[in-house]
Amino acid sequence: MILLHHPEVELSRELLAQLPADCGCVDWTSELQREEYQAQDGLPPSAFPSVLVDVPAYAEDRPMIGPDGEFLGMEVVAVPAHQELLRLPASWAAVASFTASVEERALLLPAG
């Protein structure tokens, strides 16, 4: 996990003060930190704070649509592991709730 932090935002300062040991931090006001994050193809934040989290691969049902837009039925597709930005998490407990949910989904609906 990575906290995308801006010191002018109170919620961001609160999350930084309670930063978990396994979480990194990018101070968005530091040009160097921002460039290093962006060089690693980090997702751009739409608000501060944001927390970059890993989402494990899972399977989901999706509709199959024919060439003329007709509904053909449902299919199971694998969604690869990826990262998501949690925008404006109220607390680290909220972040933990999200990560527990996506980990459980991956166990219940394995991708392969």
Side-chain angles (χ1 to χ4, degrees):
M1 285 189 300
I2 299 173
L3 171 65
L4 302 183
H5 166 67
H6 198 293
E8 293 178 3
V9 179
E10 182 179 358
L11 179 57
S12 193
R13 293 190 305 268
E14 291 171 6
L15 289 177
L16 180 62
Q18 301 173 18
L19 190 71
D22 64 343
C23 185
C25 178
V26 173
D27 181 340
W28 212 253
T29 61
S30 166
E31 186 175 343
L32 177 62
Q33 289 183 30
R34 189 174 58 246
E35 287 175 356
E36 287 176 351
Y37 172 78
Q38 291 170 330
Q40 297 173 8
D41 295 325
L43 298 171
S46 62
F48 293 100
S50 290
V51 177
L52 184 71
V53 295
D54 293 323
V55 176
Y58 61 96
E60 72 176 12
D61 292 330
R62 289 195 187 157
M64 294 184 297
I65 307 298
D68 295 323
E70 69 274 20
F71 174 69
L72 301 174
M74 298 297 289
E75 66 180 333
V76 176
V77 297
V79 178
H82 60 280
Q83 293 183 316
E84 290 184 19
L85 272 179
L86 297 180
R87 184 178 189 270
L88 300 173
S91 65
W92 288 110
V95 174
S97 172
F98 177 82
T99 57
S101 175
V102 297
E103 289 169 1
E104 181 178 1
R105 177 180 63 192
L107 291 174
L108 295 173
L109 302 167

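For the numbers below, each heavy atom of this structure counts, side chains included, while hydrogens, waters and symmetry mates do not.
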Nearest 0.5 Å, what's the [atom1]-[atom2] distance between [X] and [Y]?
X	Y	atom1	atom2	answer
L108	E103	CG	CD	12.0 Å
Q40	E36	CD	CD	7.5 Å
C23	Q18	SG	CD	12.0 Å
E60	M74	CD	CE	8.5 Å

Hphob cluster co-occupancy, I2 + F48, side-chain heavy atoms under 4.5 angstrom
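Yes; F48 is reachable from I2 via cluster members.
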Consider only side-chain heavy atoms of I, L, V, M, F, W and Y, link residues closer than 4.5 Å, and tell whether V102 and V95 are in one cluster.
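In one cluster: yes.
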Search all heavy atoms of [X] against all heavy atoms of [Y] and return the closest pair with its distance.
X	Y	answer
L86	P89	O-CD, 3.4 Å
V79	A111	O-CB, 4.5 Å
L72	I65	CD1-C, 4.0 Å
A106	Y58	CA-CB, 4.1 Å
V9	P49	CG1-CD, 4.2 Å

[X] [atom1]: over 12 foreign heavy atoms closer than 6.0 Å:
X	atom1	result
D41	CG	no
Q83	CD	yes
E70	CD	yes
E75	CD	yes

If you apply the rule side-chain contact (heavy atoms from CB on, under 4.5 Å), what do you find for H82 with L43, and how did you get there?
CA-CA 11 Å; H82 60 280; L43 298 171; over 6 Å; no
Output, in order, the C-alpha distance, side-chain angles, deciding distance and verdict of side-chain contact (heavy atoms from CB on, under 4.5 Å) for F98 and V55.
CA-CA 9 Å; F98 177 82; V55 176; 4.2 Å; yes
Taking [X] for its side chain and [Y] for its backbone only, find out whether a donor-acceptor pair lies under 3.5 Å.
X	Y	result
R13	P7	yes
Q33	D27	yes
S50	L4	no
E8	H6	no

Using the rule given for side-chain contact (heavy atoms from CB on, under 4.5 Å), can you reason through L19 versus W92, listing the C-alpha separation, both sets of side-chain angles and the distance that settles it, and then say yes or no?
CA-CA 8 Å; L19 190 71; W92 288 110; 3.7 Å; yes
Which word best sums up how the rings of W28 and Y37 line up, parallel for under 30°, tilted for 30 to 60°, or perpendicular for over 60°?
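Aromatic pair W28/Y37 classed perpendicular.
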If you apply the rule side-chain contact (heavy atoms from CB on, under 4.5 Å), what do you find for M1 with D22, and how did you get there?
CA-CA 7 Å; M1 285 189 300; D22 64 343; 4.1 Å; yes
